[in-house]
Protein chains: 2
Amino acid sequence: MIKDSALETVEVAQALKLLGDKTRLTIMGLLNVRECCVCEFVEMIQMSQPSVSQHLRKLRDARLVKETRKGQWIYYSINQEYEGYPLVKDILRYVKGAEEQLEALEKAGLSIRCT
Amino acid sequence: MIKDSALETVEVAQALKLLGDKTRLTIMGLLNVRECCVCEFVEMIQMSQPSVSQHLRKLRDARLVKETRKGQWIYYSINQEYEGYPLVKDILRYVKGAEEQLEALEKAGLSIRCT
DNA sequence: TCATTATATAAGTATATACTTATATACTCA
DNA sequence: TGAGTATATAAGTATATACTTATATAATGA
């Protein structure tokens with residue numbers, strides 16, 4: 001057991017439940033590379049904007065991610081102040097594909113369309 | 001990213017979803033200390049036998065645990081051959097309380113009642 | 001100020017999930 | 001072989017979840 005972990009079993013379970021959804025895990029995998037705005041997720045994970053927003057809200061409510069408004073856009077990033085941050089980072093070591101996906105997006109010039 | 005991981009994002013998500021339930025996470029926490037039979041789980045997590053069996057079935061179907069019949073009892077243990085075993089072990093480092101719970105159970109002589 | 005773009009929220013719906021109770025199966029031992 | 005114990009499974013139900021479509025809010029820039 002990690003002694004310094006302030007997390008109760010319920011809290012670990014809550015984090016795992018949130019990450020236990022393919023869409024949210026993919027979102028977190030992308031955020032593990034760099035911060036992203038909502039429209040980038042919509043593009044990359046091929047999902048409706050409301051659906052993406054709802055997933056982001058759950059992640060934000062549980063403090064796994066944080067948001068920063070930059071003008072018209074809201075950028076999401078992994079919240080390093082979340083108590084379960086070390087757990088989340090450990091788990092994300094097992095999630096692949098994010099780098100490749102983001103490269104493809106940048107080649108396609110989509111990050112430009114979004115800025 | 002862990003390069004040797006054979007797990008696709010969906011598979012990681014599936015494992016996390018299974019662990020993202022308080023009952024199942026507790027079960028895995030106990031199994032991380034030693035193998036247990038069903039009646040021990042029933043006693044320790046204060047849950048009905050069918051409910052425990054159903055959770056164990058899900059864990060077994062996904063290969064996170066394996067079962068061994070020993071006469072009248074079926075002992076469950078963590079399946080080291082599961083592709084996500086390293087992930088599971090990593091996660092269980094964050095789950096506390098199992099040792100204390102098992103000690104209490106042994107003091108109460110419950111493992112005897114079960115053997 | 002108005003049109004446009006980005007995002008959030010609300011409401012509805014279908015499916016998944018985690019229990020419950022009742023019953024079946026499997027093993028042990030007298 | 002039959003009673004007792006351990007476990008699994010089936011069926012029912014209430015709640016949670018992840019979408020959908022429609023609409024609201026917020027910022028930008030002409």
Side-chain angles (χ1 to χ4, degrees), chain A residues 9-10 13-28 30-31 35-62 64-77 105 109-115, chain B residues 9-10 13-28 30-31 35-62 64-77 105 109-115:
Chain A
T9 303
V10 228
Q14 189 209 20
L16 297 177
K17 177 174 284 180
L18 283 167
L19 298 174
D21 173 274
K22 199 210 169 196
T23 303
R24 283 191 297 264
L25 189 59
T26 306
I27 287 176
M28 292 300 284
L30 292 167
L31 291 180
E35 59 171 21
C36 298
C37 65
V38 180
C39 56
E40 288 178 307
F41 293 125
V42 171
E43 192 62 39
M44 281 187 283
I45 66 192
Q46 304 273 62
M47 182 150 292
S48 76
Q49 175 267 315
S51 193
V52 167
S53 277
Q54 282 156 11
H55 283 300
L56 286 168
R57 188 179 210 289
K58 290 193 177 188
L59 291 171
R60 199 200 52 193
D61 283 354
L64 272 75
V65 304
K66 60 174 193 236
E67 58 175 49
T68 319
R69 184 175 271 279
K70 295 187 182 175
Q72 204 168 356
W73 299 274
I74 296 175
Y75 277 82
Y76 283 86
S77 55
L105 184 76
L110 274 170
S111 43
I112 292 161
R113 206 188 73 174
C114 227
T115 314
Chain B
T9 302
V10 228
Q14 188 211 19
L16 297 177
K17 176 173 284 179
L18 283 167
L19 298 175
D21 173 274
K22 200 209 169 198
T23 303
R24 282 190 298 261
L25 189 59
T26 306
I27 286 176
M28 291 301 283
L30 293 167
L31 291 181
E35 59 170 22
C36 298
C37 64
V38 181
C39 56
E40 287 177 308
F41 294 125
V42 171
E43 191 63 38
M44 281 187 282
I45 65 191
Q46 303 273 62
M47 181 151 291
S48 75
Q49 175 267 315
S51 194
V52 168
S53 277
Q54 281 155 12
H55 282 300
L56 286 169
R57 188 179 211 288
K58 290 193 176 188
L59 292 170
R60 199 201 51 193
D61 283 353
L64 272 75
V65 304
K66 60 174 194 239
E67 58 175 49
T68 319
R69 183 176 273 279
K70 295 188 183 175
Q72 205 168 354
W73 298 275
I74 297 175
Y75 278 81
Y76 283 86
S77 55
L105 184 76
L110 274 168
S111 44
I112 292 161
R113 206 188 72 176
C114 227
T115 314

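The basis for the numbers below is simple: all heavy atoms, side chains too, and nothing from hydrogens, waters or symmetry mates. Protein chains get the first letters and strands the later ones, always in sequence-line order, with residue 1 at the start of each.
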For B:Lys66, is the NZ atom crowded, meaning more than 12 foreign heavy atoms sit under 6.0 Å from it? yes

Protein-nucleotide distance ([X], atom [atom1]; [N], atom [atom2]), rounded to Å:
X       : N      : atom1 : atom2 : answer
A:Arg57 : C:dA10 : CZ    : C1'   : 11 Å
A:Leu25 : D:dA18 : CG    : C1'   : 16 Å
A:Leu59 : D:dA18 : CG    : C1'   : 13 Å
B:Glu35 : D:dT7  : CD    : P     : 12 Å
A:Glu43 : C:dA6  : CD    : P     : 11 Å
B:Glu40 : D:dT5  : CD    : C1'   : 15 Å
B:Asp21 : C:dT17 : CG    : P     : 11 Å
A:Leu56 : D:dA18 : CG    : C1'   : 14 Å

Check the phosphate of [N] against [X], side-chain N and O only, distance under 4.0 Å to OP1 or OP2. Yes or no?
X       : N      : value
A:Ser48 : D:dT20 : yes
B:Thr23 : C:dC19 : yes
B:Lys58 : C:dA18 : yes
B:His55 : C:dC19 : yes
B:Ser51 : C:dC19 : yes

- prompt: Do any N or O atoms from the side chain of A:Glu40 and from the backbone of A:Cys37 form a donor-acceptor pair under 3.5 angstrom?
  reply: yes

5' to 3', nucleotides 22-28 of chain D under a 4.0 Å protein heavy-atom cut-off (B base, S sugar-phosphate only, - none) gives B----SS

Mark yes or no for a side-chain to base donor-acceptor pair under 3.5 Å between B:Gln54 and C:dT20, with no hydrogen or angle criteria applied. yes

Point to revise | Set of residues satisfying side-chain contact (heavy atoms from CB on, under 4.5 Å) with respect to B:Thr68, sequence neighbours excluded | key: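 Partners of B:Thr68 under the side-chain contact (heavy atoms from CB on, under 4.5 Å) test: none.
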
- Stepwise, does the side-chain contact (heavy atoms from CB on, under 4.5 Å) test hold for A:Met44 with A:Ile27? CA-CA 9 Å; A:Met44 281 187 283; A:Ile27 287 176; over 6 Å; no

Atom pair [atom1] ([X]) and [atom2] ([Y]), whose distance is rounded to the nearest 0.5 Å:
X       : Y       : atom1 : atom2 : answer
A:Leu56 : A:Ile74 : CG    : CD1   : 9.5 Å
A:Asp21 : B:Lys17 : CG    : NZ    : 6.0 Å
B:Gln54 : B:Gln49 : CD    : CD    : 9.0 Å
B:Cys39 : B:Trp73 : SG    : CH2   : 8.0 Å

Looking for any heavy atom pair under 4.0 Å, which part of the strands does [X] touch: base, sugar-phosphate only, or nothing?
X       : result
A:Lys22 : nothing
B:Phe41 : nothing
B:Arg60 : nothing

Assign each of A:Ile74 and A:Lys17 the nucleotide of DNA chain C bearing its closest heavy atom; nearer the 5' end lies the nucleotide of A:Ile74

Axis-to-axis angle across the helix from C:dT1-D:dA30 to C:dA30-D:dT1, five pairs each end, nearest 10 degrees, ~ 20°

Closest non-hydrogen atoms of B:Ser53 and B:Val38, given as atom of the first, atom of the second and distance, are OG-CG1, 4.1 Å

field: Pair A:Leu31-A:Phe41, side-chain contact (heavy atoms from CB on, under 4.5 Å): steps then yes or no
entry: CA-CA 10 Å; A:Leu31 291 180; A:Phe41 293 125; 3.5 Å; yes

